[in-house]
Amino acid sequence: MDYISTRGSAPALDFEGATLAGLASDGGLYVPREWPRFSADEIAAMAGLPYADLAARVMAPFVKGSLTDERLLELTRQAYGRFSHEAVTPLKQLDAQQWLLELFHGPTLAFKDVALQLLGLLFEEFLGRSGGNLTIVGATSGDTGSAAIDAVAGRAKVDIFMLHPKGRVSDVQRRQMTTVLAPNVHNLALEHASFDDAQAIVKRMFNDGAMTGRYAIGAVNSINWARLMAQVVYYFAAGLQLGAPHRKVAFSVPTGNFGDVFAGYVAAQMGLPIERLIVATNVNDILHRALAQGDYSQGTVTPTAAPSMDIQVSSNFERLLFDLGGRDGLALAAQMAGFETTRAMQLTNAQREGAAALFTSSRTDADDMASTIRWAWERCGELIDPHTACGLFAARTCGIDPAIPVVTLATAHPAKFPEAVERATGQRPVLPTRVGDLFEREEKYETLAGEYDAVAAFVAAHASPRA
Ligand SMILES: *Cc1c(COP(=O)(O)O)cnc(C)c1O
């Protein structure tokens, strides 16, 4: 499979090239040249497969030319062997219509592990072939950082620099990053910065010829296509359990950077019958405004109890706009250039109508978040985290036909956000034993000014130049 940039002027790459490159050289994001499509019979034949086997089946068309089917299956078995639940992403029924897809059984307790455990193995595989090395630079609103660090800590040929907005991630989230003492791991806490500021610094580094000339800079954020590809799998897993391809399912997705829900869009393009994709935001609602009114304009970030969604610029929305705008890269490049200058843009009619055909959006404020956490506990005996609560609130209020099952993606374990859960329910969620003595371990991180030059200088002082 070939990958092309959403901005139309970077060279096409194969899967290996797109995985190592992260962002395209024209500032765009890589997408497959076309969506592979499964027939209803092919989907029906996937029912009952173990998760790792299903993953290899769903991802095979995307990696063609870079990995054999056999090697892909070895990698998915290795990646998903580290999950604490044998089903990897178990599905739980809450009431007659509502279901939870638990995506937090990986090593760092959030859905990011599903993609990053595989991505770490892909980096190792491809660097082993080329003899090269990789300098990963990423920004995290909390969960990507720990999942990426777990996936690459101690691996030869990879250095990782992870930027987080200082004081804006939870204690558990921070410690999951900063207690990893492997010498190839560098945590950078940025002062007076939001996640969007950190993400902008990362994007600028990808476009800084002086840096990319000297270092092979790679991405672990969901701008990396391989992450989204791995997330397509659990939409199939849930859909198959609820009767696909013979029955439609709706999904409600707690959304920040639009990566997870874009994977649902990809599943739909591949033939999975999806009734609706509900984009659930917290009060940082740029996507809700964009989908409901066509107004994609950046507001200021308000910190909430769901910090991984405290985002006002959603990188992966660009991939959707590209697809809905007839895949015209140069037109999208102009549209994005306008956004980058004015921090605002209007969706075209084609983009609005295309999005409305599949997406619904919803915004959850602090009261609705808390009352939904309480509902899940009191009515269903389930402790859910604040991100999942945004999804479940949207799932219960978006008016989906009662005959259609609605699956909320449970994106984090409640024990990652114990204060918010305890405030709502009086119950303090317990950290699973697999994370061990997180609060006793030594922490290591650097505090830097939230400015491009400070970060670039730090990376230059600590990274290994291209091999
Ligand atoms: C990253 C994250 C999200 C948002 O996912 P996107 O792919 O950025 O939309 C939601 N919930 C949790 C717990 C996360 O870690």
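Just so you know, ligand 1 is whichever comes first in the structure, and atom 1 is the first atom listed for that ligand. Note that this is a predicted model, so its numbers are computed, not measured.
Taking the ring centroids of H164 and F195, they lie at or beyond the 6.0 Å cut-off.
Cation-pi geometry between R428 and W377 is not met: the NZ or CZ atom fails to fall both under 6.0 Å from the ring centre and inside 45° of the normal.
Residues meeting the side chain to side chain donor-acceptor pair (under 3.5 Å) test with H288, sequence neighbours left out: S361. In this view, T212 satisfies the side chain to side chain donor-acceptor pair (under 3.5 Å) rule with no residue, not counting sequence neighbours. Listed by chain and residue number, H85, P90 satisfy the side chain to side chain contact (heavy atoms under 4.5 Å, CB included) test with A87 (two or more places apart in sequence, or in another chain).
In this structure, a donor-acceptor pair under 3.5 Å is present between the side chains of R319 and N316.
Protein residues having at least one heavy atom under 4.0 Å from any atom of ligand 1 are F111, K112, D143, P254, T255, G256, N257, F258, G259, D260, S308, M309, H387, T411, A412, listed by chain and number.
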